[in-house]
Peer 1: 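Submitted below is the structure of interest, expressed as structure tokens.
Please read these numbers as outputs of a predicted model, since none were measured by experiment.
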Amino acid sequence: GFLNAGTPPSGLGTMYFHYICAMAPNWQEMPLSIWYNGGPGAPSTFGLFQEFGPYLLTDDSMKTQAYKDTGIPTPIYNPWTWANATSLCEIDSPAPMGASFCTHGNGTAGSHGGPSGDPYSCGPWTDKTTAKANHKAHINFFQKAFPEFETNQQPVSLVGESYAGVYVPLFVNEWLDDPITGPSGKLINFKGFAIGDGFPACIPDPEKKIDWCVDLNNVGFFEYPNALPGPYWDVEFFHGHSQMSEALYHKIMTTCSEEELKGITMPISEPCRSLVTTEATKQVGFFYAYNLYEACPSEVPSTPHRRMIQGNARNKRGGALDFSSPLLPSGSYGDGDTGLGAPCLGSAMNIYFGLKDIQQHLGIPLDNNFIVLDNGIGFNYTTDSAFVGFVYEKAVKAGKRVLVYEGDSDDCGLQTAPIEDIWVPFFGNGTGVWTPAGRLNDSTAKPLGLSITSTWRPFGVLPAGRKVQAGFVQEWAHGQVTFASIRGAGHLMPLYRPAAAYTMMAAYQKDES
């Protein structure tokens with residue numbers, strides 16, 4: 001369906017955000033998670049149809065007899081879908097990404113609106129205007145599209161990955177400042193939020209621009225800043241995974257100062273740069289920036305460009321799909337959990353949503369452009385949010401549950417170690433600690449001072465007894481705040497470790513450790 005999100009940044013017409021829902025069995029009694037991909041510019045449909053939804057569109061979708069007979073990619077059933085633990089709704093944001101659109105162009109010559117509108121049709125977006133628009137969409141979601149969530153009081157969470165590490169906390173902030181009610185005026189039961197492999201924005205420095213610690217154009221390269229302010233965490237990651245020689249690693253560590261390696265002083269010196277940029281590039285060779293171990297041929301670029309982050313249908317509310325339990329006997333202990341066995345994504349998603357029959361059945365206007373962008377490139381987007389830690393503080397004080405999860409094989413700079421170096425001291429007592437987002441302090445990034453109630457420990461996948469390790473977890477305030485690292489997972493964590501991802505999400509939804 002479509003949600004009225006108010007007047008777009010252009011000030012002309014109305015914007016409509018598109019959503020698709022996969023409702024859990026007995027959905028009127030189950031939790032709800034509203035999902036966002038990052039970018040900026042990535043439709044959230046990708047998460048639902050390529051990571052955790054009940055049916056996935058991957059290369060496997062084009063290997064079936066049905067595809068050979070019809071030319072339509074086959075949605076592949078996902079036994080580890082999160083829809084067994086929570087209903088799932090994705091929202092394409094901001095317009096005109098995916099099937100979302102603005103009714104008018106931006107007022108400049110050649111710009112036009114509607115479902116076939118150009119990428120610039122809605123006007124200039126920022127982090128904060130995106131948050132305001134989504135809050136309006138959320139209000140209409142619960143007051144018009146799904147009033148049942150007011151009546152039944154199921155818990156609702158906001159969940160996202162990558163640049164949604166900025167988006168989702170800002171959406172949470174809007175919700176906490178202006179609590180959402182249903183059509184009868186009763187508060188919607190807001191549970192909390194979860195962020196996967198997320199970018200938390202930069203801690204403000206009065207002498208630097210607001211996004212000083214990141215340059216998304218450099219992600220996938222040994223150029224700095226990329227998703228990190230300096231090369232320290234990349235060097236440790238690639239050395240730790242034996243992707244460079246011991247000789248180069250030790251030369252980097254003796255040539256470069258700690259301050260330049262960690263981005264405390266910028267830019268790095270020329271002797272250091274020649275090692276971490278020129279020599280490391282030669283030794284490491286090509287790597288897919290969102291999973292070190294991925295080897296899909298279509299992802300080896302013909303040009304040196306690499307993507308940062310990876311939809312669209314009108315929901316027919318005729319009843320929920322009957323998903324069977326994911327806790328099925330397995331042919332081997334590795335099924336759904338090898339980390340290296342995930343299907344390549346290929347072109348099935350683009351083909352599927354480009355078919356007129358599919359668009360018609362899903363209620364998508366046939367002239368829809370289904371715009372897919374990334375890194376804020378290709379439309380008018382400006383970063384205006386600083387470090388989002390203040391939202392975590394506000395949410396914890398309000399009693400909301402918080403989950404931060406990372407794939408330890410994600411090599412874009414948002415994997416376990418650097419993000420752990422931000423949130424562990426922030427959740428604890430890390431005032432003065434330098435992190436990949438900047439230095440924690442008592443004004444713009446004050447640590448929460450929470451008591452750690454479960455130190456780093458391994459956890460396994462469901463069902464119990466499979467003897468497959470999912471990853472590692474540590475908790476604060478008896479599980480109100482959780483940091484999880486998923487072994488063998490890349491940036492799109494549920495794609496690479498579906499059973500581990502399900503185990504983690506089921507625990508979050510049930511308020512379990």
Peer 1: How about NZ on K251, more than 12 heavy atoms from neighbouring residues, nucleotides or ligands closer than 6.0 Å, or not?
Peer 2: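 Result for NZ/K251: open.
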Peer 1: Taking the six-membered ring for Trp, are the ring centroids of F101 and Y16 within less than 6.0 Å of each other?
Peer 2: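 Under 6.0 Å, so yes.
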Peer 1: Just one of T416, I422, D421 clears the side chain to side chain contact (heavy atoms under 4.5 Å, CB included) bar with I419, so which one?
Peer 2: I422
Peer 1: Just verifying a value: how many Å separate Q50 CD and S61 OG, rounded to the nearest 0.5 Å?
Peer 2: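 Atom-to-atom, Q50:CD and S61:OG are 9.0 Å apart.
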Peer 1: Please find out if less than 6.0 Å separates the ring center of F171 from that of Y36.
Peer 2: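 Yes.
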Peer 1: Distance check, rounded to the nearest 0.5 Å: L450 atom CG versus H478 atom NE2?
Peer 2: 10.5 Å
Peer 1: Indicate yes or no: at least one non-hydrogen side-chain atom of P96 is less than 4.5 angstrom from one of N369.
Peer 2: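 Not touching, per the 4.5 Å side-chain cut-off.
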Peer 1: Write down the atom of T58, the atom of C344, and the distance for their closest heavy-atom approach.
Peer 2: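 It is CB-O, 3.4 Å.
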Peer 1: Between F472 and F483, does a ring pair (Phe, Tyr, Trp, His ring centres under 6.0 Å) hold up when you go through it step by step?
Peer 2: CA-CA 8 Å; F472 307 88; F483 181 93; over 10 Å; no
Peer 1: Please test N441 against S443 for side chain to side chain donor-acceptor pair (under 3.5 Å), starting from the C-alpha separation and ending with a verdict.
Peer 2: CA-CA 6 Å; N441 58 76; S443 56; 2.9 Å; yes
Peer 1: Which pair of heavy atoms, one from S121 and one from G113, lies closest together, and at what distance?
Peer 2: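 Looking at all heavy atoms of both residues, the shortest contact is CB-CA, 4.3 Å.
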Peer 1: Are F52 and V159 packed together at the side-chain level, in the sense that at least one heavy-atom pair is separated by less than 4.5 angstrom?
Peer 2: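 Side-chain contact under 4.5 Å: no.
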Peer 1: For a side chain to side chain contact (heavy atoms under 4.5 Å, CB included) with E260, tell me which candidate from T255, V276, T265 qualifies.
Peer 2: T265
Peer 1: If you measure only the distance, is there a donor-acceptor pair under 3.5 Å linking the side chains of S10 and Y120?
Peer 2: no
Peer 1: Going by disulfide (SG to SG under 2.5 Å), name the pairs with one or both residues in residues 231-271, residues two or more places apart or in two chains.
Peer 2: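 Qualifying pairs: C256-C272.
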Peer 1: Rounded to the nearest 0.5 Å, how far apart are CG of L158 and CD1 of I34?
Peer 2: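 So the CG of L158 and the CD1 of I34 are separated by 5.5 Å.
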Peer 1: Does the side chain of W212 come within less than 4.5 Å of P229's, by heavy atoms?
Peer 2: yes
Peer 1: Atom OG of S93 and atom NE2 of H18: how far apart are they, to the nearest 0.5 Å?
Peer 2: 13.5 Å
Peer 1: Give the C-alpha distance, both sets of side-chain angles, the deciding distance and a yes or no for side chain to side chain contact (heavy atoms under 4.5 Å, CB included) between E223 and R273.
Peer 2: CA-CA 9 Å; E223 298 279 356; R273 188 180 189 281; 2.8 Å; yes
Peer 1: Where is the tightest heavy-atom contact between F379 and P40, given as atom of each residue plus distance?
Peer 2: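 The pair with the smallest heavy-atom distance is CE2-O, 3.6 Å.
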Peer 1: Answer with yes or no whether the side chains of T45 and D92 bring together a donor and an acceptor at under 3.5 Å.
Peer 2: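 Yes, because at least one side-chain N or O of D92 sits under 3.5 Å from a partner of the opposite role on T45.
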Peer 1: Can the ring centroids of F287 and F238 be said to lie less than 6.0 angstrom from one another?
Peer 2: yes
Peer 1: Output every pair passing ring-ring contact (aromatic ring centres under 6.0 Å, His included) with a member in residues 392-417, not counting sequence neighbours, ordered by first then second residue.
Peer 2: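 For residues 392-417: F193-Y392, Y392-W423.
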Peer 1: So do F49 and I20 actually touch side chain to side chain, heavy atoms under 4.5 Å?
Peer 2: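 Side-chain contact under 4.5 Å: yes.
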Peer 1: Verify the distance criterion only: is there a donor paired with an acceptor across the side chains of T86 and S33 at less than 3.5 Å?
Peer 2: yes
Peer 1: By the side-chain hydrogen bond (donor to acceptor under 3.5 Å, both in side chains) test, which pairs, at least two apart or in different chains, include something from residues 190-206?
Peer 2: K191-D511
Peer 1: Which residue pairs pass the salt bridge (Lys or Arg N to Asp or Glu O under 4.0 Å) test with at least one member in residues 121-133, sequence neighbours excluded?
Peer 2: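 Listed once each, the pairs are K132-E174.
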Peer 1: Do N217 and N226 get their side chains close enough for a donor-acceptor pair, meaning under 3.5 Å?
Peer 2: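 The criterion, which ignores hydrogens and geometry beyond distance, is not satisfied for N226 and N217.
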Peer 1: Tell me the closest heavy-atom pair linking L261 and M253, and the distance in Å.
Peer 2: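 So the minimum-distance heavy-atom pair works out to CD1-SD, 3.9 Å.
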Peer 1: Taking side-chain contact (heavy atoms from CB on, under 4.5 Å) as the definition, give me every residue that meets it alongside P418, ordered by chain and number, with sequence neighbours left out.
Peer 2: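 For P418 the side-chain contact (heavy atoms from CB on, under 4.5 Å) partners, ignoring immediate neighbours, are L228, W233, Q415, P436.
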Peer 1: Is it true that atom NE2 of H112 has more than 12 heavy atoms of other residues, nucleotides or ligands lying nearer than 6.0 Å?
Peer 2: yes
Peer 1: With a 4.5 Å cut-off on side-chain heavy atoms, are C89 and W35 touching?
Peer 2: no
Peer 1: Is it true that the side chains of Y249 and E236 contain a donor and an acceptor less than 3.5 Å apart?
Peer 2: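 Indeed, the side chains of Y249 and E236 share at least one donor-acceptor pair under 3.5 Å.
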Peer 1: Nearest 0.5 Å, please: how far is CE in M97 from CG in D374?
Peer 2: 10.5 Å
Peer 1: Without hydrogens or angle criteria, can the side chains of S111 and T108 be said to hold a donor-acceptor pair below 3.5 Å?
Peer 2: no
Peer 1: What closest approach, in Å, do V388 and G165 show between heavy atoms, and which atom pair accounts for it?
Peer 2: CG2-O, 3.6 Å
Peer 1: With the side chain counted from C-beta on, respond yes when K136 and F17 share a heavy-atom pair under 4.5 Å apart, and no when they do not.
Peer 2: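 Answer no - side chains too far apart.
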Peer 1: Report yes if the side chains of Y224 and D215 come closer than 4.5 Å at any heavy-atom pair, otherwise no.
Peer 2: no
Peer 1: Is the Y381 to W125 ring centre distance short of 6.0 Å?
Peer 2: no
Peer 1: Please tell me whether Y167 and S44 have a donor and an acceptor in their side chains that are separated by less than 3.5 angstrom.
Peer 2: no
Peer 1: Looking at A395 and Q480, what are the two nearest heavy atoms and their distance?
Peer 2: O-NE2, 4.3 Å
Peer 1: Using the benzene-type ring in the case of Trp, are the ring centres of F387 and F426 under 6.0 Å apart?
Peer 2: yes
Peer 1: By the definition side chain to side chain contact (heavy atoms under 4.5 Å, CB included), identify the one residue from E475, Q474, M504 that meets it with T482.
Peer 2: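 Exactly one option meets the side chain to side chain contact (heavy atoms under 4.5 Å, CB included) with T482, and it is E475.
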Peer 1: Side chains of E279 and S274: any donor to acceptor distance under 3.5 Å?
Peer 2: no
Peer 1: Judged by modelled atom types alone, do S409 and N291 share a side-chain donor-acceptor pair under 3.5 Å?
Peer 2: no
Peer 1: Would you say that I180 contacts H135 through its side chain, given a criterion of any heavy-atom pair below 4.5 Å between the two side chains?
Peer 2: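 I180 reaches H135 side chain to side chain.
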Peer 1: Would you mind listing every salt bridge (Lys or Arg N to Asp or Glu O under 4.0 Å) that reaches into residues 429-457, with sequence neighbours excluded?
Peer 2: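 Output for this query is empty, none listed.
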